[in-house]
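Protein chains get the first letters and strands the later ones, always in sequence-line order, with residue 1 at the start of each. Please read all numbers here as calculations on a predicted model, not as lab measurements. What you see below is based on every heavy atom in this structure, not just the backbone, and it leaves out hydrogens, waters and symmetry mates.
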Amino acid sequence: MLKVHRDICGYCGCCVSVCKEGALELIDAYLEVGPGCTDCGVCAKACPVGALEVGRE
Amino acid sequence: MKKHYDLLIIGGGPAGAIAARTAAKAGLSACIVEKRPAIGAPVRCAEGIGIESLAEFVKPDPCFISAEMQRAAIVAPDGTTMILDSESAGGKVGYVLDRKVFDRELVWQAAEAGADVAVKTRASAPIMNDGKVCGATLEFCGTKTDVMADVVVAADGVESKFSKWCGIDTTVPLREIMSSAQYIVTDIDIDPHCTVFCLGNNVAPQGYLWVFPKGDRTANVGIGISGMKSGTGHRAKDYLDRYMAAKFPNGKTIEWIVGGVSVCRPLACTVTDGLIITGDAARVVDPLTGGGIYNAMYTGDLAAKVAIDAIEKGDTSKSALMPYDRQWRESKMGQTIERNYHIKEYMINLTDAKLNAIIQTATSINLKEFSTLQLAKELVKRDPKLLLELAVLKGHIK
Ligand SMILES: Cc1cc2nc3c(=O)[nH]c(=O)nc-3n(C[C@H](O)[C@H](O)[C@H](O)COP(=O)(O)OP(=O)(O)OC[C@H]3O[C@@H](n4cnc5c(N)ncnc54)[C@H](O)[C@@H]3O)c2cc1C
């Protein structure tokens, strides 16, 4: 399960652009993780601040 | 808000605003929907733009210009600094904008021309009919409204979802997303008319770090690194914090900005039935510089022009909208993207030693024109060894 550390997230949308599944969406100041997420971890790698965490990374 | 518009524009950034302005000026009904509660905020940009590029779409106004740039400095990994001075344009090469004001100004202009604007309103799904995009479902404070349009313009930026919902793959490859962080730092010693670009695999792997002045003692200090090079302990923010500690330990950070910039090739096709994709959503950022404000305005304007024509002829199918895709690719902007993509692909594989050598060579050159093309040409001229290496590039930078 992808975990969003909301205290770190800067809601910039960088992660959304690299998500192949289209599972992420930036709804104003809130990053939503949809059911399509496969825990691939690409978003977590791209995040400029480290706000995303997959399972036990 | 009406039930039907000639043009429904998703996103109130520069692409969307210019598309709406152009359409409204031509007498078409247009509506911008912007999911954020405020246009232009939060800023996701270093705010640099060339003077001519800006002037093509909007009259320069001190209200949205933070500073005027006269030169650029490129700093090699070993600290060697190459200064690019401008002899043209009265010594002025570019501006650092205030995007909060700038983006609002553009939307104002669109509204003044007659366009409708809806903020805190999110397009949450396309309305499709027989595979054709005919509108969007809009959400505002918990209520959903369907709005129809002859043409929908996706101007929804780097985090674009709309085109994906319409079946177009917009995924940016991990290695081609510039994972970015930026602080607005004040109370620092800088050259207030010089943009600084720092290169190096320890400074900004496969990207660069920038200092873009916003006043005498204030600057956007930011960095973009390849998503591929990003990870725990070595993210954009980590590199930026290290630079700040070394360079501006006493600077005061008054704004904290993060973002992503695509430096991939543009989408394979930027239209479909009833839909035109513009700006960052179309991935038309300059892959070498990461600059996308001008390209967003350019494609927004062109999208509206092609849509106007298509609507007039009563055909908004993919083939009727294709002139948009063709025209921007053939334009100077399209050609620059293509050329700079190749230069970028070359640059990102350079070792620090090579970067040092190139910049040392380049410091001996007096550039008359401030442009990446000119720089690349000069480099090839100066260093015959480099010429061999640049053989792949040669075709692209003639
Ligand atoms: C750190 C950083 C530094 C940069 N520096 C520069 C620079 O110095 N010079 C330069 O030229 N470019 C720079 N860029 C790039 C530049 O910011 C973009 O290219 C430019 O903003 C693109 O404009 P746009 O209109 O396409 O998208 P945006 O300006 O991103 O606007 C898109 C808008 O659409 C809205 N939106 C998204 N989805 C929806 C939806 N479903 N419904 C409603 N609204 C939606 C968003 O909220 C947003 O307001 C930088 C980018 C970053 C991240």
Side-chain angles (χ1 to χ4, degrees), chain A, chain B residues 34-38 42-44 119-122 124 139 156-161 163-165 167-182 222-241 256-262 264 280-281 283:
Chain A
M1 254 300 277
L2 184 70
K3 189 163 188 269
V4 184
H5 294 285
R6 305 216 177 270
D7 50 342
I8 303 175
C9 177
Y11 45 92
C12 70
C14 183
C15 55
V16 180
S17 72
V18 294
C19 177
K20 203 170 77 212
E21 313 301 332
L24 298 173
E25 190 177 359
L26 194 61
I27 300 183
D28 191 21
Y30 206 84
L31 181 68
E32 290 224 331
V33 186
C37 176
T38 60
D39 281 351
C40 75
V42 165
C43 57
K45 210 166 150 46
C47 177
V49 288
L52 301 172
E53 199 183 327
V54 179
R56 41 187 152 60
E57 193 193 34
Chain B
E34 169 54 57
K35 68 181 174 185
R36 297 178 184 172
V43 171
R44 309 254 175 259
V119 292
K120 204 173 165 29
T121 305
R122 183 174 65 97
S124 59
E139 293 195 28
D156 45 349
V158 70
E159 82 255 35
S160 164
K161 296 281 297 208
S163 319
K164 210 166 216 168
W165 294 331
I168 295 164
D169 187 12
T170 56
T171 313
V172 178
L174 179 62
R175 76 172 190 93
E176 300 195 303
I177 189 75
M178 285 295 113
S179 176
S180 309
Q182 174 178 276
I223 187 176
I225 68 169
S226 162
M228 209 61 164
K229 297 284 176 185
S230 165
T232 310
H234 49 97
R235 296 187 187 274
K237 184 181 172 297
D238 300 318
Y239 285 98
L240 182 58
D241 286 340
W256 188 95
I257 291 162
V258 279
V261 188
S262 66
C264 53
D280 278 16
R283 314 304 185 209

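With hydrogens and angles disregarded, no donor-acceptor distance shorter than 3.5 Å links the side chain of B:K237 to the backbone of A:G50. The backbone N or O of A:L24 lies less than 3.5 Å from a partner atom in the side chain of B:K161, making a donor-acceptor pair. In terms of modelled atom types and a separation under 3.5 Å, the side chain of B:R235 and the main chain of A:K45 share a donor-acceptor contact.
Ranked by heavy-atom pairs under 4.5 Å with chain A, the list B:G227, B:S226, B:S230, B:A236 is led by B:S230. Note on B:R36, B:K229, B:K164, B:R283: by heavy-atom pairs under 4.5 Å with chain A, the leading option is B:K164. When the candidates B:G233, B:S262, B:G259, B:P42 are compared by the number of heavy-atom contacts under 4.5 Å with chain A, B:G259 comes out ahead.
Residue B:K35 comes nearest to A:L26 through the heavy atom pair NZ-O, 2.8 Å, listed as atom of the first residue, atom of the second, then distance. The two atoms that bring A:I8 and B:W256 nearest to each other are O-CH2, 3.8 Å, heavy atoms only. Taking both residues in full, the closest heavy atoms of A:A46 and B:S179 are given as O-OG, 2.6 Å, listed atom of the first, atom of the second, then distance. Annotation for A:C12 and B:V158: closest pair O-CG1, 4.3 Å, computed over non-hydrogen atoms.
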Test log, rule side-chain contact (heavy atoms from CB on, under 4.5 Å), inputs A:C14 and B:V258: CA-CA 8 Å; A:C14 183; B:V258 279; over 6 Å; no

Derivation and outcome, side-chain contact (heavy atoms from CB on, under 4.5 Å), residues B:S124 and A:E25: CA-CA 10 Å; B:S124 59; A:E25 190 177 359; 5.7 Å; no

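Of the two parts of B:R44, only the side chain, counted from C-beta on, holds a non-hydrogen atom closer than 4.5 Å to a non-hydrogen atom of chain A.
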